[in-house]
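Since the structure comes first, as structure tokens, the remarks are kept for the end.
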Amino acid sequence: MSFTIYVHMKKLGKQKGTALQPHPFVLDEKPKTLRQLLIGLTKLGVRQYNERKDKGQILEYLTREEIQEQAVRGKISFGLQDGAKAVEKQAIENTLQCFEDGIYRLFVGEEELTKLSQMIPWTENRIVTFVKLTMLSG
């Protein structure tokens, strides 16, 4: 049974204009812990990337709305470019390590999840927010 979550992705720093809209992600199952959520999202991302790569669609076109959303984030790009296929195991390891290293924080509603083993407080219409904490360095 699939499970849809809505995700905001933000980064610290200047935020211009409007707030970003939540983006839906359909996972294979409802995650119970933060670790399961991160693994599910990573598997989905790897699968979508590899499917686009197989179809020759690494560079997707950008709609006017996508350009505006990316401008709010401060960078407009076509996203992924050519290269090797993503390896699920390595991507999962990287995702979990980045969380443990504090590269990003994750909130469900207003509650910050701080441990990979933490249970997710799912309720109706909860939005997951990822906040990227890395700053520019010289």
Side-chain angles (χ1 to χ4, degrees):
M1 176 170 64
S2 65
F3 179 72
T4 302
I5 64 168
Y6 294 86
V7 178
H8 276 141
M9 291 176 268
K10 301 179 179 184
K11 65 180 178 178
L12 291 181
K14 295 181 182 178
Q15 298 293 317
K16 300 175 187 173
T18 61
L20 298 174
Q21 295 301 310
H23 183 76
F25 289 89
V26 180
L27 301 176
D28 293 334
E29 59 187 31
K30 183 177 182 177
K32 295 178 183 162
T33 66
L34 176 55
R35 178 183 301 273
Q36 291 174 345
L37 174 62
L38 294 175
I39 289 172
L41 287 170
T42 302
K43 285 181 176 182
L44 177 63
V46 167
R47 184 171 56 241
Q48 289 174 343
Y49 169 82
N50 287 337
E51 286 172 0
R52 284 193 316 270
K53 184 161 187 55
D54 289 343
K55 292 179 183 176
Q57 291 181 318
I58 296 301
L59 293 177
E60 298 184 43
Y61 68 90
L62 295 175
T63 65
R64 189 176 309 258
E65 291 81 19
E66 289 170 325
I67 291 170
Q68 290 172 345
E69 284 180 16
Q70 289 186 29
V72 169
R73 286 185 241 153
K75 179 181 178 184
I76 299 173
S77 71
F78 284 101
L80 305 171
Q81 297 182 4
D82 61 337
K85 276 188 147 185
V87 178
E88 187 177 274
K89 181 180 178 187
Q90 290 173 341
I92 290 169
E93 289 172 2
N94 187 50
T95 297
L96 298 176
Q97 188 65 54
C98 285
F99 178 79
E100 290 176 340
D101 289 347
I103 303 298
Y104 62 90
R105 289 190 174 168
L106 189 135
F107 297 81
V108 176
E110 298 294 320
E111 183 177 341
E112 181 178 8
L113 303 182
T114 58
K115 294 182 178 17
L116 291 172
S117 60
Q118 192 169 348
M119 299 300 283
I120 299 174
W122 293 119
T123 60
E124 188 81 17
N125 298 323
R126 283 288 190 155
I127 295 177
V128 175
T129 303
F130 284 85
V131 180
K132 184 177 176 184
L133 298 175
T134 56
M135 300 296 192
L136 295 175
S137 60

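- With hydrogens and angles disregarded, a donor-acceptor distance shorter than 3.5 Å links the side chain of Q36 to the backbone of T33.
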If you apply the rule side-chain contact (heavy atoms from CB on, under 4.5 Å), what do you find for V128 with F107, and how did you get there? CA-CA 6 Å; V128 175; F107 297 81; over 6 Å; no
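- Remark: the backbone N or O of L44 is not paired with any side-chain donor or acceptor of Y49 at under 3.5 angstrom.
- Looking only at distances, no side-chain donor or acceptor of D28 sits under 3.5 Å from a matching main-chain atom of S2.
- Nearest heavy-atom pair, V7 versus F130, reported as atom, atom and distance to 0.1 Å: CG1-CD1, 3.5 Å.
- Note that CZ of R105 and OG1 of T129 are 13.5 Å apart. Values are rounded to the nearest 0.5 Å.
- In terms of heavy-atom proximity, L113 sits nearest to P121 at CD2-CD, 4.1 Å.
- In this structure the side chain of I5 never reaches within 4.5 angstrom of the side chain of P22, judged on heavy atoms.
- Within a 6.0 Å sphere centred on CD of E110, heavy atoms belonging to other residues, nucleotides or ligands number 12 at most.
- Checking side-chain atoms of Q97 against main-chain N and O of E93 turns up no donor-acceptor pair under 3.5 Å.
- For the atom pair CD of E111 and CG of L106, the computed distance is 10.5 Å after rounding to the nearest 0.5 Å.
- A search for ring pair (Phe, Tyr, Trp, His ring centres under 6.0 Å) contacts involving F3 returns W122, not counting sequence neighbours.
- Considering only heavy atoms from C-beta on, E112 stays 4.5 Å or farther from Q118 through its side chain.
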Begin with the C-alpha distance, continue with both residues' side-chain angles, and end with the deciding distance and a verdict on side-chain contact (heavy atoms from CB on, under 4.5 Å) for T4 and F25. CA-CA 6 Å; T4 302; F25 289 89; over 6 Å; no
Can Y104 and T95 be said to form a side-chain contact (heavy atoms from CB on, under 4.5 Å), step by step? CA-CA 10 Å; Y104 62 90; T95 297; 3.4 Å; yes
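- The side chain to side chain contact (heavy atoms under 4.5 Å, CB included) test with R35 singles out one residue from I39, L38, L37, and that residue is I39.
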What verdict does the side-chain contact (heavy atoms from CB on, under 4.5 Å) test give for M119 and K32, after you've listed the backbone C-alpha separation in whole Å, the side-chain angles of each residue and the deciding distance to 0.1 Å? CA-CA 6 Å; M119 299 300 283; K32 295 178 183 162; 4.0 Å; yes
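- Put simply, I103 and I92 are part of the same group of oily side chains (I, L, V, M, F, W, Y) that touch within less than 4.5 Å, one to the next.
- You'll find the side chain of L116 reaches within 4.5 Å of the side chain of L96, heavy atoms only.
- For the pair V87/V46, no side-chain contact is recorded, criterion being any heavy-atom separation below 4.5 Å from C-beta on.
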